[in-house]
Amino acid sequence: MGLRLHNTLGRKTEEFKPLQEGRVGVYVCGPTVYGHAHLGHAKSYVSFDILVRYLRYLGFAVKDLPNFTDVGQLTDDADEGEDTLAVAAIKEHKHPMALAEYYTASYFKDMDELCCVRPDISPRATGHIPEQIALVKTLVDKGFAYEVNGSVYFEVARFPGYGKLSGRSVDEMQAGARVAVSTEKKHPADFALWKKAEPNHIMQWYSPWGWGYPGWHLECSVMSMKYLGETIDIHGGGIENQFPHHECEIAQSEAANGVPFVRYWLHNNMVTVNGRKMGKSLNNFINLKELFSGEHQLLSRPYDPLAVRQLILQSHYRSPIDFSDAALAAAQSGYDRIKDAVISVRKQIENAPDALACASVTCELDSLRQKFDEAMNDDLNTAVALSVIFELVKLANRLMDAGSATAGTLRAIEEMFNTLGGSVLGIVRNEYSQAGAADDALLDHLVGMMITQRQEARANKDFATSDAIRDKLLAFGVVLEDKPGGECTWRRK
RNA sequence: GGCGGCGUGGCCAAGUGGACUAAGGCGACGGUUUGCAAAACCGUUAUUCAUGGGUUCGAAUCCCAUCGCCGCCUCCA
């Protein structure tokens, strides 16, 4: 059985078959760059990073396309709606484009820390204004949209499929409408394709309807169409965007093109912090820089970015995840265990007897890989896939404890760590800054001197001195470990 | 008001009709090792899956009810 994905359109887990054999286009709704990336971004983009990595592991040529929203989206549907980017720009006394640039760089830095692979293309909304205008024109020409007073609205009543993704009907929404209805619209559910700009609006472009700026949902339709085609394989995003954002994307795209817009809709669930929705006003808002530095009142310590990644992978992307200091600490411990095992395996390869891999181990590795593939094929069950990595850790440690592993065996294990833990899950690095590494040569010598002193003290049964040396080094983050043969090794804490 | 989801050991979490006498991680406890540690390994840690009914030969998994929690419906991942 190949890869099966849960398709929000239809709410079923289906066999994944791309439109073109061997090639997959993935569009992911990216961030609005008016602030630093936070835990929610981490969950979403790690989830879709895993999708892309796994598709590549399966041999697909993947075109990966998360966008940046750098023209502010409206905060509400009314005429006086404010533009989030413009509001942030005014607060920070910067041009919106400078702001977008700054936070785009910040976003990439954080995603690099989380080991998310860089996208093939990161299209910006402001770079696609002519295309957006063209799409609005098409929709007007085809009778799906109407102009009122310099703004253009999509007429939902003309598109019968509206609501098929989110399972809502236009009538229900009208009944539950909490937003003041714009007087310009024919129907409350109609949404803006193009908005007329007031003279003081900073970001505006000239269009057939006068000066204005694009509506909320247009960029995703336009950019996915431009780079991936009229029908795309996979569109991902946060579950909160299911409605109205994705529903509107479908309406615009399908009305304009007359073909299905997206074949598989994937939505990741939300994060909570200590069991509550994360929000700026709730005093539980944690961004990634705070998480990595530990500088936040809800955190007891800094966390390794990959420990955060591991925590995300420990639950399913469609389940909500609760971030708490305890959960992060537990993930950090587990992550350290994997990291230590990988480092040990790599170190031991040089000293191990030079012989081929042991057949029984090869056999065990095969079954682990099979278990891993089955888990990932089942709608990207990373929790089970990660458990395979822990089984690999146990196997590796057991073999190293026994001291009989050949270089071939250890290389086979390392290869599994690199492929499954590294290439697919992204929690195993190619290199760790550790004892013996080139950039640590000086440190290795210095710690080596301390170890020699301590060994002398131990030989004289001067344990007060030997323990003092160990404690002092620990205070600097250097852990000493005595091995059975009397040898002592060190590692970073 | 409408829509959706969740409740599994001390904590996180997978499993969603039979191989479940419930994976994995964290933690705790005991053992091996150690001068003592650390790390690693071995073992123990849920007869039970919010509660009460029901369907079934069989239910953590399906149905109904009750309680509790969360999210979306407004820019948001």
Side-chain angles (χ1 to χ4, degrees), chain A residues 11 28-32 34-35 37-48 66 69 72-78 81-85 87 166-169 171-173 175-180 216 236-245 267-272 275-280 310-311 314-316 318-322 324 326-338 340-341 344 371 375 378 381-391 393-394 396-402 458 461-463 466-467 470-471 474 479-484 486 489 491 493:
Chain A
R11 320 224 164 186
V28 177
C29 282
T32 302
Y34 66 102
H38 52 67
L39 291 173
H41 294 110
K43 176 165 166 71
S44 183
Y45 301 128
V46 166
S47 299
F48 291 111
T69 299
Q73 299 187 356
L74 296 174
T75 53
D76 70 42
D77 202 2
E82 285 181 304
D83 176 310
T84 47
L85 249 161
V87 168
S166 55
R168 289 159 207 267
S169 75
D171 299 340
E172 277 168 10
M173 290 180 311
R178 278 163 43 178
V179 176
W216 327 350
I239 197 168
E240 81 289 348
N241 273 332
Q242 209 177 88
F243 184 88
H245 185 53
H267 289 102
N268 67 273
N269 217 313
M270 314 283 283
V271 307
T272 52
R276 297 280 156 185
K277 176 188 170 140
M278 183 175 74
K280 282 189 173 137
Q310 173 151 330
L311 178 58
Q314 264 165 10
S315 73
H316 193 95
R318 283 193 288 116
S319 303
I321 186 167
D322 184 42
S324 62
L328 284 160
Q332 179 74 58
S333 297
Y335 170 72
D336 287 341
R337 202 160 98 82
I338 295 173
D340 291 342
S344 298
K371 186 177 171 190
D378 183 16
N381 190 334
T382 52
V384 171
L386 195 59
S387 79
V388 171
I389 303 300
F390 277 106
E391 286 182 55
V393 166
K394 188 161 275 189
N397 284 333
R398 204 184 289 152
L399 288 167
M400 287 189 292
D401 267 17
R458 289 180 76 204
K461 305 245 184 246
D462 178 5
F463 297 123
S466 77
D467 288 355
R470 188 171 61 196
D471 291 346
L474 185 62
V479 180
L480 296 190
E481 295 180 346
D482 295 323
K483 300 288 160 167
T489 59
R491 63 181 172 85
K493 196 178 169 184

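Per chain, numbering begins at 1; letters A, B, ... match sequence-line order. This one's a predicted model, so the numbers in the text were calculated from it and none came from an experiment. Just the heavy atoms: all of them, side chains too, but no hydrogens, waters or symmetry mates, feed the values below.
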When you compare B/rA77 with B/rA40, how far apart are their P atoms, in angstrom units rounded to a whole number? 38 Å

So A/Leu480, base contact, sugar-phosphate only, or nothing? Heavy-atom distance under 4.0 Å. base

With sequence neighbours left out, the residues meeting ring pair (Phe, Tyr, Trp, His ring centres under 6.0 Å) with A/His316 are none

Heavy-atom distance under 4.5 Å between the side chains of A/Ser44 and A/Asn268, does that happen here?
-> yes

inquiry  = Parallel, tilted or perpendicular: which one describes the rings of A/His41 and A/His38, with boundaries at 30° and 60°?
reply    = tilted

Side chain proximity check, A/Asp340 to A/Arg337, heavy atoms < 4.5 angstrom: no

Under 3.5 Å, which protein N or O atoms sit close to an N or O of nucleotides 24-34 of chain B? Give each pair with its distance.
from: B/rC26; atom 1: OP1; to: A/Arg337; atom 2: NE; distance (Å): 3.3

Hits for side-chain hydrogen bond (donor to acceptor under 3.5 Å, both in side chains) against A/Gln314, two or more places apart or cross-chain, chain-then-number order -> none

| task | Using the C1' atom as the reference point in each nucleotide, state the distance between B/rG15 and B/rG7 in Å, no decimals. | result | 15 Å

For A/Arg318, the side-chain hydrogen bond (donor to acceptor under 3.5 Å, both in side chains) test, sequence neighbours excluded, returns A/Asp379

#### Entry: Under 3.5 Å donor-acceptor, A/Ser333 side chain and A/Ala329 backbone
yes

Per atom distances to the A/Arg491 side chain, the nearest of B/rA77, B/rG35, B/rA38 is B/rA38

Of the candidates B/rG15, B/rC41, B/rA39, the side chain of A/Glu481 sits closest to B/rA39

Side-chain contact check for A/Arg11: nearest option of B/rG4, B/rG35, B/rA77 is B/rG4

CZ (A/Arg470) and CG (A/Asp482) are apart, to the nearest 0.5 Å, by 6.5 Å

Distance between C1' atoms of B/rU47 and B/rA59 (Å, rounded)
15 Å

| said: Looking at B/rA39, I'd like to know if its phosphate oxygens (OP1 or OP2) sit under 4.0 Å from a side-chain N or O belonging to A/Ser344. | reply: no

**Prompt:** For B/rG5, does either OP1 or OP2 sit under 4.0 Å from a side-chain N or O belonging to A/Asn269?
**Reply:** no

Applying side-chain hydrogen bond (donor to acceptor under 3.5 Å, both in side chains) to A/Lys277 and not counting sequence neighbours gives none

All stems that RNA chain B takes part in, i.e. 3 or more consecutive Watson-Crick or G-U pairs with distances under 3.5 Å, are B:1-7 with B:67-73, B:10-12 with B:24-26, B:27-32 with B:40-45, B:50-54 with B:62-66

